[in-house]
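Small disclaimer: the values here were computed from a predicted structure and weren't measured. Residue numbers start from 1 in every chain, and the chains themselves are labelled A, B, ... in the order their sequence lines are given, proteins ahead of strands.
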Amino acid sequence: MKNDEIAKILFEIGEYLDLENIPFKPRAYQSAALSLDNLEKDIEDIYREKGLKGVQEIPGVGKSIALKIEEYLKTGKVEYYEELKRKKPIDVKNLTKIEGLGPKRIDFLNKELGIRNVAELREAIEKSKLKELKGFGEKSQKNILESIAFMESSGLRYLISEVAEDVDIILERLKKLKEVKKIEVAGSFRRRKETVGDIDILVASPFSHKIMDEFVSLPGIVRIWGRGETKSSVRMKKGYDIDLRIVMEDSFGSALQYFTGSKEHNVALRRLAISKGYKLNEYGLFKNDLYKAGKKEEDIYEKLGLQYIPPELRENRGEIEAAIKFKLPKLIELKDVRGDFHTHSSFAGTLISMEDIVLRAMQKKYEYIGISDHTKELKIENGLDEKRLALQEKEIRKLNEKYKIKIFHGAEVNILKDGSFDIKNSALKELDFVNIGIHTNFKMNKKDMTERVLKAMSNPYVTCLTHPTGRIVNRRGAFNIDLEKIFKFAKTNNILLEINSSERLDLNDYNIRSAKEKGCKFFINTDTHALKQMDRMKYGVYQARRGWVTKEDVINTLPVREIEKFLKKK
DNA sequence: GCCGTTTTCGGCCCGACTGTTTTCAGTCG
């Protein structure tokens, strides 16, 4: 989609204008960029269908920016942007990533030392030129150099599943202190964003010394960035930072709201507060300087006349408007899930027996469990052919007799390059459910890939399309596919879409929401290849929540009788 | 440059911290 490309250009225009110290325009460009980034529809389609007027309907896009978007769609370039780059050939995008450097200082460094990019900045520091400048010194020079080094060594964001364990340990340790009255994780971790840059932990307490002492002596810390009365930061072994903030109990709710973000949500919320004659900050909600709320987060939303907004929805993607009308969906919860339809057993490629899977499912108090091994094309997974699938059926029947939990027999069938399957319909017919997914030939153009998947979905035995975009967070991007068409087809033909809880997290939050809006239903599955992975269901549920999904949208929340009916219809 | 149940003109979120100053600009979240 051109959306990203244009968003990037608009964002950078904002950064260049920032360098020139122009007020307000930078924000205008950057909010238009954000809005474009969040757009569900393809900007090219919008322009084709509704022209310039349609483009102007995008929030934050007025006449001037719409014209620039049109120019890009027609010529592949925005002259205004090219001119800004010519005038100031500075790599603003990467320079602003360096901590302690913003537009003003970048422009200053360019004027004083002619610095245009990170490499030249590093060179200047190595020659100790920076610290001679007005407003810079030994310390800022050192900090900048460290930030460059860190950026070059990692730069990635972390999956929440990668940091969750550390977070749990820290919370448990700090909770034990009697000085800690309340404690919560805030930031993007609390919003359950798929990846986080750092972790924010918030504590309510009147005494802070002991808490800070404990915090900076936690296991896994490699360095301490700062240590103050109310705020300290540490760098963890894995490479990310944890910030701890201590506030008074009366401000805990407002601080939690503030530090949970997102930034965009907070900006919108504060605007709303102002329009109602309030002032909102991390210390509380005030009217005429009188404290009105702040102890509990819920009170702030209530005083503003809003339904409580769960953290997962706080992205300024319509949640405030919905909360004004008390029309927020009741989001799905982990406890609503009654089974898992994507597990791989040792009958094919993994090390876990079907019985292990069944026992683990019972431990989780599931009502049912689906076993879905790969089919034969996936040699590496020892994929099953028709014969072995029939053998597996016998084993599963035995297990069904032995245990109370209902075991469904399925498969994860490969969608071949031409959209056909690597296994016969006669075998699929015998299964309780059929997942289909792409595991090979990722590199196709959008049209061919879409046709391939649509053809696969037209097979009458298909229950669910697994990991529909093929992406793996931080590792592999989505393949080219027209999701709008896929979602429409899924809705019409009653095919479920998978919310995959593994590091794929596929569908992602945006796609989930757009599928839901088209009336699609989902499976949330773990894609288990090792027993422990059956525990990651929660990450799929988080994504679902971020996609505004309710229990009713997810088929594996149904009681066993109803899900049997659902599957039999296929 | 964008936007509108006080406005088509005049606003645009806000407080803390850092490193540098000697009262504050710039940056961050």
Side-chain angles (χ1 to χ4, degrees), chain A residues 10-11 13-36 55-69 80 95-109 130-144 146-147 186-191 196-200 202 225-233 241 243 245-247 251 254-286 294 305 314 316 320 324:
Chain A
L10 293 177
F11 196 85
I13 290 177
E15 284 177 330
Y16 280 110
L17 294 175
D18 240 343
L19 288 190
E20 299 187 9
N21 209 5
I22 294 170
F24 303 113
K25 277 196 197 187
R27 296 293 83 69
Y29 274 99
Q30 294 187 339
S31 77
L34 196 71
S35 178
L36 209 61
V55 177
Q56 273 195 70
E57 280 168 18
I58 300 166
V61 176
K63 197 171 171 199
S64 169
I65 291 181
L67 282 169
K68 292 183 176 71
I69 293 176
Y80 181 58
L95 285 169
T96 46
K97 281 186 199 153
I98 296 168
E99 275 173 79
L101 279 196
K104 303 277 184 314
R105 299 180 97 182
I106 290 172
D107 192 49
F108 180 70
L109 288 173
L130 230 62
K131 64 176 184 188
E132 311 295 334
L133 299 176
K134 188 167 179 287
F136 288 82
E138 194 75 54
K139 202 144 190 187
S140 36
Q141 176 166 298
K142 186 169 152 273
N143 285 342
I144 289 171
E146 273 181 16
S147 175
S188 43
F189 187 91
R190 183 162 181 250
R191 302 200 312 281
V196 298
D198 59 13
I199 305 286
D200 299 297
L202 194 67
W225 287 114
R227 193 172 158 207
E229 284 279 298
T230 59
K231 185 188 167 185
S232 293
S233 301
D241 291 347
D243 291 347
R245 294 160 200 272
I246 301 177
V247 298
S251 295
S254 43
L256 184 60
Q257 195 290 314
Y258 177 82
F259 289 116
T260 297
S262 67
K263 200 177 158 190
E264 292 75 21
H265 174 87
N266 285 354
V267 168
L269 202 66
R270 260 186 234 153
R271 274 211 191 105
L272 179 73
I274 290 166
S275 77
K276 293 184 182 268
Y278 288 103
K279 188 178 74 168
L280 176 63
N281 58 30
E282 56 263 55
Y283 298 108
L285 184 69
F286 301 88
R314 299 183 196 168
N316 198 25
I320 293 178
I324 289 172

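Residue order along DNA chain B, read from the 5' end via each residue's closest nucleotide, puts A:Ser64 first among A:Ser64 and A:Asp243. If you find the closest nucleotide of DNA chain B to A:Glu99 and to A:Tyr80, the one lying nearer the 5' end belongs to A:Tyr80.
Between the CD1 atom of A:Ile98 and the P atom of B:dT27 there is a distance of 12 Å, given to the nearest Å. Rounded to whole angstrom, the span from the CD atom of A:Gln257 across to the C1' atom of B:dC14 amounts to 13 Å. When rounded to the nearest whole Å, the span between CD of A:Glu57 and P of B:dC3 equals 11 Å. A:Leu17 has its CG atom 12 Å from the P atom of B:dC2, to the nearest Å. Regarding A:Arg245, its CZ atom lies at a distance of 9 Å from the P atom of B:dG29, rounded to whole Å. Spacing between atom CD1 of A:Ile58 and atom P of B:dC2 amounts to 12 Å, rounded to whole angstrom units. Rounded to whole Å, the distance from CD on A:Gln30 to P on B:dC12 is 19 Å. As rounded to whole Å, 15 Å separates atom C1' of B:dC2 from atom CG of A:Leu34.
At the heavy-atom level, A:Arg271 lies under 4.0 Å from the strands shown only through sugar-phosphate atoms. Across all strands shown, A:Pro103 has heavy atoms under 4.0 Å from sugar-phosphate atoms exclusively, and none from any base. Contacts of A:Leu269 with the nucleic acid, taken as non-hydrogen atoms under 4.0 Å apart, are absent. Heavy atoms of A:Leu101 sit under 4.0 angstrom from primed sugar atoms or phosphate atoms, though from no base atom.
Checked by atom type and distance alone, the side chain of A:Ser262 pairs as donor or acceptor with a backbone atom of A:His265 at under 3.5 Å. Of the possible polar contacts, one joining the A:Ser35 side chain to the A:Pro59 backbone as a donor-acceptor pair under 3.5 Å is found. Not one N or O on the side chain of A:Glu99 forms a donor-acceptor pair closer than 3.5 Å with the backbone of A:Ser147. Judged by distance alone, the side chain of A:Asn281 and the main-chain N or O of A:Gly284 form a donor-acceptor pair under 3.5 Å.
For the P atoms, the distance linking B:dG26 with B:dT21 amounts to 13 Å, nearest Å. With C1' as the reference atom, B:dT23 and B:dT18 are 15 Å apart, rounded to whole Å. Separating the P atom of B:dC14 from that of B:dT8 is a span of 22 Å, rounded to the nearest Å. Rounded to the nearest Å, the gap between the P atom of B:dG15 and that of B:dG10 is 25 Å. For the P atoms, the distance linking B:dT20 with B:dC28 amounts to 15 Å, nearest Å. Distance noted for atom C1' between B:dG11 and B:dT6: 13 Å (whole Å).
In this structure, CD1 on A:Ile69 lies 10.0 Å from OG on A:Ser64, to the nearest 0.5 angstrom. Atom-to-atom distance recorded for A:Lys279:NZ and A:Leu285:CG is 10.5 Å, nearest 0.5 angstrom.
Cation-pi geometry between A:Arg105 and A:Phe136 is satisfied (NZ or CZ under 6.0 Å from the ring centre, within 45° of the ring normal).
Checking B:dG10 for Watson-Crick or G-U wobble geometry (two distances, each under 3.5 Å) identifies B:dC3 as its partner.
A:Ile320 and A:Leu269 make their closest contact through CD1-N, 3.8 Å (heavy atoms, listed as atom of the first residue, atom of the second, distance).
In this structure, the side chains of A:Leu101 and A:Leu109 come closer than 4.5 Å at one or more pairs of heavy atoms.
Side-chain proximity of A:Lys68 to the nucleotides B:dG1, B:dC14, B:dG29 is greatest for B:dG1. Of the candidates B:dG1, B:dC14, B:dG29, the closest approach to any side-chain atom of A:Lys25 belongs to B:dG1.
Put simply, A:Phe24 does not rest on the base of B:dC2: the two rings are not both less than 5.5 Å apart at their centres and under 30° in tilt.
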Protein-to-nucleotide contact annotation, 5' to 3' order, nucleotides 15-25 of chain B [B base; S sugar-phosphate only; - none; under 4.0 Å, heavy atom]: SSS-SS-----
